[in-house]
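In this text the structure is predicted, and so the values were computed from the model without any measurement.
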Amino acid sequence: MPENKLKKIPVREQPPQERIKNFSEVCLGYNEDEAIAESKRCIQCGLCIKGCPVGIDIPKFIREIREKNYDGSIKTLKSFNSLPAVCGRVCPQEEQCQLPCPLGKKGDAIQIGKLERFSADQERSPGRNNVPDIIKNNIKTAVIGSGPAGLTCAGELARMGYSVTLFESLHKLGGVLRYGIPEFRLPDAILDFEIDYIKNLGTEIMTNVLVGKTITVEQLFRQGYKAIFIGTGAGLPSFLNAAGENLNNIFSANEFLTRSNLMQAYGSSRISDTPIIAEEPVAVIGGGNVAMDSARTARRLGAGEVNLVYRRTEKEMPAREEEIEHAREEGVRLVPLTLPVGFIGDSQGKVREMKCIRMQLSEPDSSGRASVIPVPDSDFTMPVRTVIVAIGQRPNPLLVRSLAGLKLGKHGTIETDENMMSSVPGIFAGGDIVTGAATVILAMGMAKKAALGMDRYIRSLSS
Amino acid sequence: MHKVLKNQPLAEKIFRMEVEAPLIPPNYRPGQFIIIMADSRSERIPLTIVETKGNAVILIYQVVGRSTEKLSSLKAGDPVYGIVGPLGHASEIKKFGKVVCIGGGVGTAVIYPEIRALKDAGNHITSIIGSRSGDLLILKKEIAGISDELFLTTDDGSQGEKGLVTMPLEKILIKEKTDLVIAIGPVIMMKAVSGLTKRYSVKTIVSLNPIMVDGTGMCGACRVIVDNQTKFACVDGPEFDAHLVDFDNLLLRSRQYQKQEKEAHPCRKIN
Ligand SMILES: Cc1cc2nc3c(=O)[nH]c(=O)nc-3n(C[C@H](O)[C@H](O)[C@H](O)COP(=O)(O)OP(=O)(O)OC[C@H]3O[C@@H](n4cnc5c(N)ncnc54)[C@H](O)[C@@H]3O)c2cc1C
Ligand code: FES
């Protein structure tokens with residue numbers, strides 16, 4: 001193979017110095033020539049399919065790009081993945097489809113994510129969002145939660161002809177895609193396009209409805225909904241339970257990102273009344289995508305010094321490779337092998353110092369990830385003015401606990417069968433509420449399966 | 001959409017709003033609150049439901065910042081961008097016996113539905129309402145109508161007893177056996193009441209109103225320390241055993257955005 005074929009076509013990005021002053025998308029994506037050139041590197045072996053959690057026929061959609069058959073390529077993608085414009089941007093491709101790519105052994109793997117994004121963005125050019133003809137069956141179904149799982153399930157059910165009502169507790173749709181992942185990684189416009197499609201399919205949208213409080217699941221069944229999908233995600237933020245954690249200027253990543261993204265506090269005060277604080281030095285605790293998003297948001301809000309404190313090493317960080325890379329380019333300092341154990345405040349109750357201990361790597365734990373143990377007598381303090389805690393989210397117990405007979409897993413997740421049906425007939429679930437905090441593609445895949453399961457279940461009722 | 005049906009001042013900077021929210025009344029119980037956004041740029045702010053009426057909810061709020069100011073400027077017929085609720089746990093309503101209900105400032109509006117429900121449950125109700133001055137005492141007539149006894153206090157003595165709500169409270173605690181005290185108002189007032197009832201070993205409930213964003217347990221902005229543990233007021237509360245609440249932390253946390261709010265709105269006062 002010629003040497004140049006081993007090199008990926010680089011994707012254009014906003015330069016770091018510029019992008020830390022704005023919230024526009026960092027990655028600019030391939031143009032047509034670049035996409036075609038990248039697609040030509042593909043040797044069509046198909047090994048990548050195994051790496052995709054939903055088994056997209058990747059060689060086919062890449063071949064279609066190469067042939068400039070963009071309609072075909074988006075159709076191929078959409079027959080497996082209902083949110084390709086989102087997944088092309090946020091999937092951890094390097095551990096999924098791009099991992100088995102043979103080109104990656106000697107050079108760069110095919111940039112499958114960037115090609116997926118290119119193909120999906122072609123569809124977003126005006127007039128291309130085609131709504132299929134649907135024969136309505138007037139059977140009522142309900143979808144609770146409008147993250148990637150809920151949006152996907154609603155779309156699938158609507159296309160099968162069901163009447164779908166989508167319930168969301170917040171005032172805007174999108175779940176984590178709206179309130180968590182920042183504009184510079186996933187622009188609202190992309191999400192709005194996907195949501196418009198769901199709306200155009202005839203889905204009834206009910207925002208500001210917290211199911212379990214505003215209306216109960218039993219009431220929904222009584223109102224004639226035949227099957228219900230729960231896609232309420234894993235929105236409950238974990239804290240360290242360290243002394244001083246309730247001092248001012250210590251926020252969960254969820255709060256910080258929600259203020260910035262959902263409440264638009266990143267914009268000027270003309271756009272939003274919601275305040276946000278990113279006083280430097282900022283310490284972000286965690287090593288996942290949520291931590292990266294928080295750190296990069298803090299930089300854009302004007303914090304010069306942002307430290308990302310993680311108890312393992314960079315190698316163990318669960319964040320996407322690209323996010324770590326981007327964070328570093330933007331001047332976020334990684335502080336590995338460090339565990340915060342307490343916080344000290346000033347006279348106004350605002351955090352001033354973070355007490356930490358150094359960690360060292362030890363034997364791998366049951367999941368195969370290196371575990372860490374404290375280094376004796378290694379405590380030190382770090383000056384901080386803002387702390388953002390991004391050490392994980394768990395399922396929100398509010399709805400699931402209100403449901404009698406619902407079988408739950410250890411961490412409050414919903415247990416399901418192979419059709420994504422829970423222990424309560426007619427109640428299905430998918431996404432982070434089933435797996436615990438995971439990924440967009442997995443949420444989407446489960447929701448698709450659940451929609452098929454719901455269809456089968458409803459048919460079985462009438463037969 | 002939510003249409004404003006009425007929105008009128010009750011006292012200086014205190015308004016009463018009746019707004020359509022058809023999904024809320026059927027599942028509402030006293031003690032619960034809503035999150036409201038006046039327009040698409042407003043903050044999400046929590047307000048306790050005072051009562052429901054047909055398909056509307058009645059809210060009483062004090063203008064303390066830009067978002068409440070926006071609310072106060074709405075007229076009958078105007079739309080409200082969003083309301084979600086009822087949120088939080090309902091108050092525990094049963095027959096306790098002799099109950100003292102204390103409302104401070106706009107907290108009087110929050111405690112009013114609870115007084116009514118406790119009265120209906122057969123309790124003997126002594127109400128104490130306090131404010132800075134007589135013209136700020138709200139719901140006087142309504143609360144007088146459902147209480148067995150009513151005490152008024154004002155900081156300036158313009159109506160009722162001059163001083164704090166703890167003055168009549170202490171007299172009651174000395175005089176007779178009290179089964180339960182409920183106090184809702186400024187943090188400092190609730191802290192003072194709690195300190196007093198602790199000395200007399202009378203169980204006391206307070207309703208906490210920390211800063212919130214979502215109101216559904218998703219952000220932790222509303223975290224409070226109760227019994228040395230972190231709780232989320234929006235889903236674990238809003239009512240807690242006063243004797244276990246860390247009021248000092250609550251007070252500090254309620255000032256989290258004071259600087260930003262002053263910049264955005266110079267006349268804002270908090271607690
Ligand atoms: C900051 C951040 C960055 C991330 N980055 C990535 C990434 O780069 N790549 C990736 O693959 N994954 C990423 N993830 C994970 C990914 O976003 C989630 O796995 C995915 O969103 C889960 O989808 P979901 O539909 O199950 O839940 P969610 O997206 O959490 O949506 C659940 C929705 O349900 C609503 N809801 C909850 N309870 C109720 C109720 N009782 N009634 C009505 N509505 C309710 C919530 O308000 C929410 O809108 C990230 C997560 C975060 C927080
Ligand atoms: S307001 Fe966000 S968790 Fe309570």
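Residue E12(B) qualifies as open at atom CD: its count of foreign heavy atoms under 6.0 Å is 12 or below. K70(B) NZ: more than 12 foreign heavy atoms inside a 6.0 Å radius. Under a cut-off of 6.0 angstrom, the local environment of NZ in K3(B) is sparse, with at most 12 non-hydrogen atoms contributed by other residues, nucleotides or ligands.
Among the candidates I24(B), D39(B), I83(B), L87(B), the residue making the largest number of heavy-atom pairs closer than 4.5 Å to chain A is I83(B). Looking only at heavy-atom pairs under 4.5 Å with chain B, the residue among I277(A), L257(A), I215(A), T207(A) that has the most is I277(A). No other option in M263(A), K172(A), Q393(A), H171(A) has as many heavy-atom pairs under 4.5 Å with chain B as H171(A). Ranked by heavy-atom pairs under 4.5 Å with chain B, the list K213(A), M206(A), Q219(A) is led by K213(A). Between chain A and the residues G85(B), G215(B), G82(B), S67(B), the most heavy-atom pairs under 4.5 angstrom are made by G85(B).
The two residues T214(A) and P86(B) come nearest to each other via the heavy atoms CA-CD, 4.0 Å. Here the closest non-hydrogen pair linking P237(A) and G220(B) is CG-N, 4.3 Å. Of all the heavy atoms in I271(A) and R41(B), the pair that sits closest is O-CG, 2.9 Å. When all heavy atoms are compared, the tightest approach of L23(B) to V209(A) is CD1-CG2, 3.6 Å.
Proximity to chain B (any heavy atom under 4.5 Å) is restricted, for Q348(A), to the backbone atoms N, CA, C and O. For F256(A), no part sits under 4.5 Å from any heavy atom of chain B, backbone or side chain. Contact annotation for Q229(B): neither backbone nor side-chain heavy atoms come within less than 4.5 Å of a heavy atom of chain A. Contacts between I35(B) and chain A at a heavy-atom distance below 4.5 Å are absent for every atom of the residue. For Y28(B), no part lies near chain A; criterion is any non-hydrogen pair under 4.5 Å. For K350(A), no part lies near chain B; criterion is any non-hydrogen pair under 4.5 Å. Within the 4.5 angstrom heavy-atom criterion, atoms from both the backbone and the side chain of I250(A) approach chain B. For R223(B), the part lying under 4.5 angstrom from a heavy atom of chain A is the side chain only.
Judged by distance alone, the side chains of T230(B) and N246(A) do bring a donor and an acceptor atom under 3.5 Å apart.
E245(A) contributes atom CD, which lies 10.0 Å from atom CD1 of I225(B) (distance to the nearest 0.5 angstrom). Taking CZ of F232(B) as the start and CG of N396(A) as the end, the distance is 9.5 Å to the nearest 0.5 Å. The CZ atom of R44(B) sits 14.0 Å away from the CG atom of D273(A) when rounded to the nearest 0.5 Å. Atoms CD and OG, on Q264(A) and S40(B) in that order, are 9.0 Å from each other to the nearest 0.5 Å.
Within the 4.5 Å cutoff, side-chain heavy atoms of N249(A) are placed close to those of Q256(B). The closest side-chain heavy-atom distance from L236(A) to M218(B) is not below 4.5 Å.
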- Query: Which is it for M37(B) and N208(A) under the side-chain contact (heavy atoms from CB on, under 4.5 Å) test, yes or no, and what are the steps along the way?
  - Reply: CA-CA 11 Å; M37(B) 288 179 79; N208(A) 291 316; over 6 Å; no
- Check step by step if side-chain contact (heavy atoms from CB on, under 4.5 Å) holds for T258(A) and D214(B). CA-CA 9 Å; T258(A) 298; D214(B) 58 298; 5.8 Å; no
